[in-house]
Number of protein chains: 2
Amino acid sequence: MTLHSHRLTDRDNPIADDGDEVRFCSACAFSAASMRAGYDKAALRDLHVLVEHVGPYRAGEHVFRAHDPFRAIFAVRGGTVKTVSVDADGNEQVLGFYIPGEVVGLNAIYPERYPCDAIALENSYFCRFSFPAISALATRMPGLQQQLFKLISKELGMATRLAGDHGAEERMAAFLIDLAERYATQGFPVRRLHLAMSRNEIAAHLRLAPETVSRILGRFRETGLIALDVREVELRAPDQLHALARNVLGR
Amino acid sequence: MTLHSHRLTDRDNPIADDGDEVRFCSACAFSAASMRAGYDKAALRDLHVLVEHVGPYRAGEHVFRAHDPFRAIFAVRGGTVKTVSVDADGNEQVLGFYIPGEVVGLNAIYPERYPCDAIALENSYFCRFSFPAISALATRMPGLQQQLFKLISKELGMATRLAGDHGAEERMAAFLIDLAERYATQGFPVRRLHLAMSRNEIAAHLRLAPETVSRILGRFRETGLIALDVREVELRAPDQLHALARNVLGR
DNA sequence: AGCTTTCCTTGATCCAGATCAACCTAACTG
DNA sequence: CAGTTAGGTTGATCTGGATCAAGGAAAGCT
């Protein structure tokens with residue numbers, strides 16, 4: 001196995017340590033939207049005034065907890081978070097994994113409480129946006145409003161795909177492709193990815209047993225679809241993976 | 001079997017034939033929000049000018065189709081719709097069922113195309129809202145913006161519950177309880193419900209085989225949880241059903 | 001009315017993936 | 001650095017729900 005990719009560290013990370021105040025959140029979903037919509041510096045400043053940098057959270061620390069009153073959404077600036085819902089019997093369901101540039105907490109708008117825990121998988125940093133404040137601002141910035149709609153709707157699409165009926169291999173392939181593509185949009189290499197989450201967590205996300213996750217990854221490795229060194233993955237045959245994931249991803 | 005409930009017809013339906021222009025959409029998610037927020041008649045008029053009544057659609061007719069460009073969302077005024085996504089192999093997944101007062105099409109915001117078909121299950125009527133128009137209006141009506149956020153977020157919650165890992169009985173119980181509660185908020189009897197959808201459609205929603213749906217309903221009947229006459233259901237032991245559904249619904 | 005079709009139910013068998021079990025590996029601890 | 005623990009892999013067995021198969025009701029059509 002030739003795969004000894006040194007994983008991307010905070011040092012390499014194109015997002016985590018951008019110290020410039022104005023460009024600080026350039027990777028963040030909101031400023032990107034604002035820029036696209038052609039807002040002036042003043043509008044951007046409103047956003048920046050509103051934002052609150054939080055972190056670092058260490059691996060295992062809660063960003064928010066289920067049943068906490070909903071006050072803010074969090075844009076991941078660096079690191080990785082999972083959202084988890086634990087039912088009465090203690091079964092853990094991982095609702096999602098969030099990487100830099102993505103936004104956590106949108107599922108709390110309707111219930112007005114967080115319906116899940118958000119837990120850092122590694123050292124993580126966030127931009128915290130008071131939700132009342134950002135939605136008030138959205139009233140004056142149609143582009144921001146639109147962006148918020150899109151973010152929630154996108155999340156809805158993800159949840160829907162996850163709800164689909166599909167074989168374990170299909171779901172696993174879709175998981176890898178989706179994650180790789182999301183990293184790619186954030187400027188990471190397309191065919192390489194580091195899994196910040198354990199097999200257990202992947203399993204709890206895809207409603208599989210951890211053994212099944214392990215076996216399927218093993219099979220993918222043996223059939224040359226991927227190279228694998230525990231948590232380092234290289235997509236060797238993205239097209240075949242895509243073909244497997246086709247029915248899940250809907251393209 | 002003592003269950004010969006004459007089902008609610010259009011005539012009985014508290015929503016379908018409310019002819020008064022101003023109160024017309026009183027059941028609809030948007031005017032309700034506007035009222036709550038204390039908007040004046042003028043704001044309500046803006047909403048009413050914007051709305052377009054469409055229908056009837058007969059059972060089996062498309063309200064919109066997958067891949068159509070996204071232009072509008074639809075509030076159900078009367079009848080029932082399902083949203084369905086058909087994958088490359090022809091497998092049908094029912095994403096949701098929508099009853100009067102609910103809104104269809106919100107999952108199209110992000111992709112900017114409808115990601116599914118919407119098909120009437122019976123004679124159905126809608127209020128059609130141009131999405132650009134309603135979001136422009138939302139800019140001037142924070143309460144409406146908030147309502148839109150909530151609607152999408154609520155939908156997200158539904159999709160998430162559907163994505164959960166749960167036994168067939170739990171999911172079936174949750175389906176019945178959820179549907180009954182949704183009807184209840186629209187002024188229908190709490191313990192009675194008419195299933196507008198076939199066993200096949202329930203199965204395609206809950207990722208079960210239709211045979212399993214049939215068997216589980218049969219079991220619920222035999223254990224006295226429900227009374228059942230094909231599509232007429234009476235919840236005989238809502239508490240026990242709730243207990244079964246607990247882990248799915250999260251309460 | 002009969003005929004057709006679609007939907008629903010019930011029984012028998014099968015299988016994808018869960019569970020149980022054993023062991024391996026790497027990282028953390030004192 | 002031995003000892004401990006958490007995470008990962010791999011094999012053997014079990015099972016919930018799918019699939020296959022065969023009839024029964026309703027509902028629409030001629």
Side-chain angles (χ1 to χ4, degrees), chain A residues 1 3-4 7 58-60 82 89-94 119 121-123 164-173 175 194-223 226-233 244 247-248, chain B residues 1 3-4 6-7 58-60 82 89-94 119 121-123 164-173 175 194-222 226-233 244 247-248:
Chain A
M1 182 47 48
L3 193 75
H4 284 126
R7 58 161 300 206
R58 324 240 154 191
K82 65 172 176 182
D89 302 355
N91 307 308
E92 297 199 357
Q93 170 83 5
V94 171
I119 301 176
L121 297 184
E122 55 189 338
N123 255 11
D165 200 5
H166 302 283
E169 290 203 350
E170 291 181 322
R171 286 216 298 287
M172 192 69 222
F175 172 72
H194 171 78
L195 303 175
M197 68 294 292
S198 70
R199 301 289 191 263
N200 262 290
E201 289 164 330
I202 298 175
H205 184 50
L206 303 179
R207 45 172 199 276
L208 297 173
E211 293 93 330
T212 305
V213 170
S214 195
R215 276 188 254 268
I216 289 174
L217 286 176
R219 214 174 303 155
F220 283 177
R221 179 171 38 71
E222 279 175 9
T223 53
I226 62 174
L228 179 65
D229 180 22
V230 195
R231 292 189 178 197
E232 300 304 323
V233 183
L244 261 176
N247 284 339
V248 184
Chain B
M1 179 48 50
L3 192 75
H4 284 127
H6 69 143
R7 58 161 301 205
R58 324 240 153 187
K82 65 173 176 181
D89 302 355
N91 307 309
E92 297 199 357
Q93 169 85 3
V94 171
I119 301 176
L121 296 183
E122 55 189 337
N123 255 11
D165 201 6
H166 302 283
E169 290 202 351
E170 290 180 321
R171 285 216 299 288
M172 193 69 223
F175 173 72
H194 170 78
L195 304 175
M197 68 296 289
S198 70
R199 301 289 191 263
N200 262 292
E201 288 164 331
I202 297 174
H205 184 50
L206 303 179
R207 46 174 197 272
L208 297 173
E211 292 92 331
T212 305
V213 170
S214 197
R215 277 188 255 268
I216 289 175
L217 286 176
R219 214 176 303 156
F220 282 177
R221 181 171 37 72
E222 279 175 8
I226 62 173
L228 181 64
D229 181 22
V230 195
R231 292 189 179 196
E232 301 305 322
V233 183
L244 261 175
N247 285 339
V248 183

Revision key, fill the gap. Picking from D:dG7, C:dC8, D:dA18, the nucleotide nearest the side-chain atoms of A:R231 would be D:dG7
Check your understanding: D:dG7, C:dC20, D:dT19: which one has an atom nearest the side-chain heavy atoms of A:S198?
Key -> D:dG7
Exercise for review: To the nearest Å, give me how far apart CD1 (B:I216) and P (D:dG17) are.
Suggested key: 7 Å
Check your understanding: Atom OG1 of B:T212 and atom CD of B:E169: how far apart are they, to the nearest 0.5 Å?
Key -> 10.5 Å
Practice item. Choose from D:dG17, D:dT10, C:dT19 the nucleotide whose nearest atom is closest to any side-chain atom of A:A209. Key: C:dT19
Point to revise | For A:A173 against A:L244, the heavy-atom pair lying closest together | key: CB-CB, 3.7 Å
Review point. Once you round it to whole Å, what is the distance between C1' of D:dT19 and CG of B:N200?
Key: 14 Å
**Study point:** Side chain of B:E211 (C-beta onward), nearest among D:dT10, D:dC20, C:dC8
**Key:** D:dC20
Practice item. To the nearest 0.5 angstrom, please state how far the CZ atom of A:F175 sits from the CG atom of A:L206. Key: 6.0 Å
Exercise for review: Would you kindly check whether a donor in the side chain of B:E201 faces an acceptor in the base of C:dC7, or vice versa, at under 3.5 angstrom?
Suggested key: no
Review point. Could you state the CG-C1' distance from A:L228 to D:dG7, rounded to the nearest angstrom?
Key: 14 Å
Practice item. Using atom CZ of A:R171 as one end and atom C1' of C:dA16 as the other, report the distance to the nearest whole Å. Key: 11 Å
Check your understanding: Base, sugar-phosphate alone, or nothing: which one does B:L208 contact when heavy atoms must sit under 4.0 Å apart?
Key -> sugar-phosphate
**Study point:** Sugar-phosphate, base or nothing in reach of B:G167, heavy atoms under 4.0 Å
**Key:** sugar-phosphate
Practice item. Answer with base, sugar-phosphate or nothing: what part of the nucleic acid does A:R219 contact at a heavy-atom distance below 4.0 Å? Key: nothing
Practice item. Quickly work out the B:R221 CZ to C:dT9 P distance and round it to whole Å. Key: 8 Å
Check your understanding: Counting side-chain heavy atoms from C-beta on, which of C:dG17, D:dG17, C:dA21 comes nearest to B:T212?
Key -> D:dG17
Practice item. Please check if atom CZ in A:R58 has more than 12 non-hydrogen atoms from other residues, nucleotides or ligands closer than 6.0 Å. Key: no
Point to revise | Pairwise 5' ranking along DNA chain C for B:D165 and B:R199, keeping only the more 5' one | key: B:R199
Point to revise | Whole angstrom value for the distance that separates P of D:dG17 from CZ of A:R207 | key: 13 Å
Point to revise | side-chain hydrogen bond (donor to acceptor under 3.5 Å, both in side chains) assessment of A:D89 paired with B:N247 | key: CA-CA 8 Å; A:D89 302 355; B:N247 285 339; 3.0 Å; yes
Point to revise | Evaluation steps, side chain to side chain contact (heavy atoms under 4.5 Å, CB included), between B:M197 and B:K82 | key: CA-CA 8 Å; B:M197 68 296 289; B:K82 65 173 176 181; over 6 Å; no
Review point. Roughly how many Å is it from CD in B:E170 to C1' in D:dG16, rounded to a whole number?
Key: 12 Å
Polar atom pairs between nucleotides 23-30 of chain D and protein, under 3.5 Å, N or O only, would you list them?
none

Check your understanding: Say you draw a straight line from CG of A:N91 to NE2 of B:H166; how long is it, rounded to the nearest 0.5 Å?
Key -> 8.0 Å
**Study point:** Whole angstrom value for the distance that separates P of D:dG11 from CD of A:E222
**Key:** 9 Å
Review point. Distance from B:L217 atom CG to B:M172 atom CE, nearest 0.5 Å?
Key: 4.0 Å
Review point. Are B:R215 and D:dG17 close enough that a side-chain N or O sits under 4.0 Å from OP1 or OP2?
Key: no
